Novice: 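Here you go, one structure.
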Amino acid sequence: MTMTVEFWFLIGAALVFWMQAGFAMVEAGFTRAKNAGNIIMKNLMDFCIGTVVFALLGYTIMMGEDTLFGLIGIPNMDLFAHFKEFIASPANGDFTAASTFVFNLVFCATTATIVSGAMAERTKFSAYCIYSGVISLFVYPIEAHWIWGGGWLSQLGFHDYAGSCAIHMVGGIAARSTRSRVIISSSAP
């Protein structure tokens, strides 16, 4: 049995998926014992909610045909309408669309999880679930389209090899903006 490049691609996706557990453990260590279960559940829900909304619409926004000068991909239902082609191996030996989906899904979930540490012990569980859905449905797919989906940054020649911009910068900016609002609102008389 030969190991294909796609196999190693999916091994990489599995390793990124394990970052969810790493974030959960780090954040549980930073919170009080009474909130450890809450933060672990938030990290789990990042992936659960993120998977549903990313599959429904986020992935097609990210990888869809450019519109508005490369700012957003045109959403479609190709993932569901043409599922057989989605999972079939392409004739040119490239990756299947399904493996590309899984790879991008784990990065989408990682982007959402980065923020959970900044919001630990500061938000209700339901509010966090809404946030996780929004970032997985709109924020990550739109900005990842710019870089990895053929959008305007990609057209300018920008390359983000390890996700420093598409994942970590976006997660950090979202974390910083939510943290600032929490501090301002909690310090008001």
Side-chain angles (χ1 to χ4, degrees), residues 6-63 79-80 98-145 147-149 160-188:
E6 185 170 23
F7 173 78
W8 292 110
F9 187 65
L10 290 173
I11 292 292
L15 292 173
V16 172
F17 175 72
W18 276 103
M19 289 174 63
Q20 294 291 116
F23 277 119
M25 295 301 108
V26 166
E27 293 165 13
F30 283 140
T31 59
R32 292 176 286 181
K34 69 177 188 167
N35 293 321
N38 181 278
I39 199 70
I40 290 171
M41 190 63 177
K42 285 179 180 178
N43 279 273
L44 175 65
M45 292 310 292
D46 277 333
F47 196 79
C48 294
I49 293 169
T51 298
V52 172
V53 299
F54 193 68
L56 287 176
L57 195 62
Y59 180 72
T60 61
I61 290 174
M62 179 180 169
M63 301 306 271
L79 190 140
F80 301 106
S99 63
T100 304
F101 169 79
V102 169
F103 195 74
N104 283 297
L105 171 64
V106 295
F107 280 117
C108 179
T110 300
T111 303
T113 300
I114 288 172
V115 184
S116 66
M119 297 171 76
E121 298 184 336
R122 294 176 177 87
T123 57
K124 289 183 177 181
F125 183 74
S126 59
Y128 183 79
C129 288
I130 292 168
Y131 148 78
S132 182
V134 168
I135 201 165
S136 298
L137 182 62
F138 296 114
V139 177
Y140 176 79
I142 290 172
E143 60 84 18
H145 174 78
I147 300 163
W148 293 329
D160 185 6
Y161 295 105
S164 59
C165 180
I167 299 159
H168 297 94
M169 184 187 76
V170 171
I173 288 171
R176 182 65 184 151
S177 66
T178 58
R179 178 116 166 113
S180 298
R181 285 192 204 126
V182 169
I183 290 171
I184 291 169
S185 64
S186 66
S187 64

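Below, all heavy atoms of this structure are taken into account, side chains as well, without hydrogens, waters or symmetry copies. A quick note: this is a predicted structure, and the numbers were derived from the prediction, not measured.
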Novice: CZ/Arg122 to CG/Asn35 distance, rounded to the nearest 0.5 angstrom?
Specialist: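 Atom-to-atom, Arg122:CZ and Asn35:CG are 10.5 Å apart.
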Novice: Are the aromatic rings of Tyr128 and Tyr131 close, with centres under 6.0 Å apart?
Specialist: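 Close enough - the centres of the two rings lie under 6.0 Å apart.
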Novice: Among residues two or more places apart or on two chains, list those pairs meeting ring-ring contact (aromatic ring centres under 6.0 Å, His included) that have a residue in residues 20-44.
Specialist: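 Found none.
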Novice: With salt bridge (charged side-chain N to carboxylate O under 4.0 Å, His left out) as the rule and sequence neighbours excluded, what pairs involving residues 100-121 come up?
Specialist: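 The answer is Arg32-Glu121.
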Novice: Among residues at least two apart in sequence or on other chains, which ones pass side chain to side chain donor-acceptor pair (under 3.5 Å) with Ser126?
Specialist: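 Counting only residues at least two positions away or on another chain, Ser126 forms no side chain to side chain donor-acceptor pair (under 3.5 Å).
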Novice: Return the minimal non-hydrogen interatomic distance between Ile49 and Gly133, and the atom names on each side.
Specialist: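 Distance-wise, the nearest heavy atoms are CG2-CA, 3.6 Å.
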Novice: State which residues pass ring-ring contact (aromatic ring centres under 6.0 Å, His included) with Phe54; sequence neighbours excluded, sorted by chain then number.
Specialist: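 Checked Phe54 against ring-ring contact (aromatic ring centres under 6.0 Å, His included); matches are Tyr59, Phe101.
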Novice: Where is the tightest heavy-atom contact between Met62 and His145, given as atom of each residue plus distance?
Specialist: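 Nearest heavy atoms, Met62 then His145: O-ND1, 2.6 Å.
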Novice: OG1 of Thr123 to CD1 of Ile130: how many Å apart, nearest 0.5 Å?
Specialist: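 Thr123 OG1 to Ile130 CD1: 10.5 Å, rounded to 0.5 Å.
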Novice: Who passes side chain to side chain donor-acceptor pair (under 3.5 Å) against Ser132, sequence neighbours left out?
Specialist: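 With sequence neighbours excluded, Ser132 shows a side chain to side chain donor-acceptor pair (under 3.5 Å) to Asp46, given in chain and number order.
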Novice: Locate the shortest heavy-atom distance separating Met119 from Lys42; write the atom from each residue and the value.
Specialist: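 Closest approach of Met119 to Lys42, heavy atoms only: O-NZ, 4.1 Å.
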Novice: Are Phe9 and Val102 packed together at the side-chain level, in the sense that at least one heavy-atom pair is separated by less than 4.5 angstrom?
Specialist: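 Not in contact.
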Novice: I'd like a table of donor-acceptor pairs (distance under 3.5 Å, sequence neighbours excluded) in which one partner is a side-chain atom from residues 166-175, with atom names and distances.
Specialist:
unit_1: His168; atom_1: ND1; unit_2: Gly163; atom_2: O; d: 3.2

Novice: Only counting residues at least two apart or in another chain, list the ones meeting side chain to side chain donor-acceptor pair (under 3.5 Å) with Ser116.
Specialist: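 Per chain and number, Ser116 pairs via side chain to side chain donor-acceptor pair (under 3.5 Å) with Glu27.
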Novice: Using a 3.5 Å cut-off and no angle test, enumerate the donor-acceptor pairs between side-chain atoms of residues 103-111 and protein atoms at least two apart in sequence or in another chain.
Specialist:
unit_1: Asn104; atom_1: ND2; unit_2: Thr100; atom_2: O; d: 2.9
unit_1: Thr110; atom_1: OG1; unit_2: Val106; atom_2: O; d: 2.8
unit_1: Thr111; atom_1: OG1; unit_2: Phe107; atom_2: O; d: 2.9

Novice: Side-chain atoms of residues 14-22: list all donor-acceptor pairs with protein atoms under 3.5 Å, sequence neighbours left out, distances to 0.1 Å.
Specialist:
unit_1: Gln20; atom_1: OE1; unit_2: Thr113; atom_2: OG1; d: 3.0
unit_1: Gln20; atom_1: NE2; unit_2: Asn43; atom_2: O; d: 3.2
unit_1: Gln20; atom_1: NE2; unit_2: Thr113; atom_2: OG1; d: 3.1

Novice: Which residues satisfy the side chain to side chain contact (heavy atoms under 4.5 Å, CB included) test with Leu57, sequence neighbours excluded?
Specialist: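 If we apply the side chain to side chain contact (heavy atoms under 4.5 Å, CB included) test to Leu57, skipping adjacent residues, the hits are Thr60, Ile61, Pro75, Leu137.
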Novice: Where do Pro141 and Ile135 come nearest, in terms of heavy atoms and distance?
Specialist: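 Nearest heavy atoms, Pro141 then Ile135: CD-O, 3.7 Å.
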Novice: Quick one: closest heavy-atom pair of Val53 and Ser136, and the distance?
Specialist: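 Nearest heavy atoms, Val53 then Ser136: CG2-CB, 3.5 Å.
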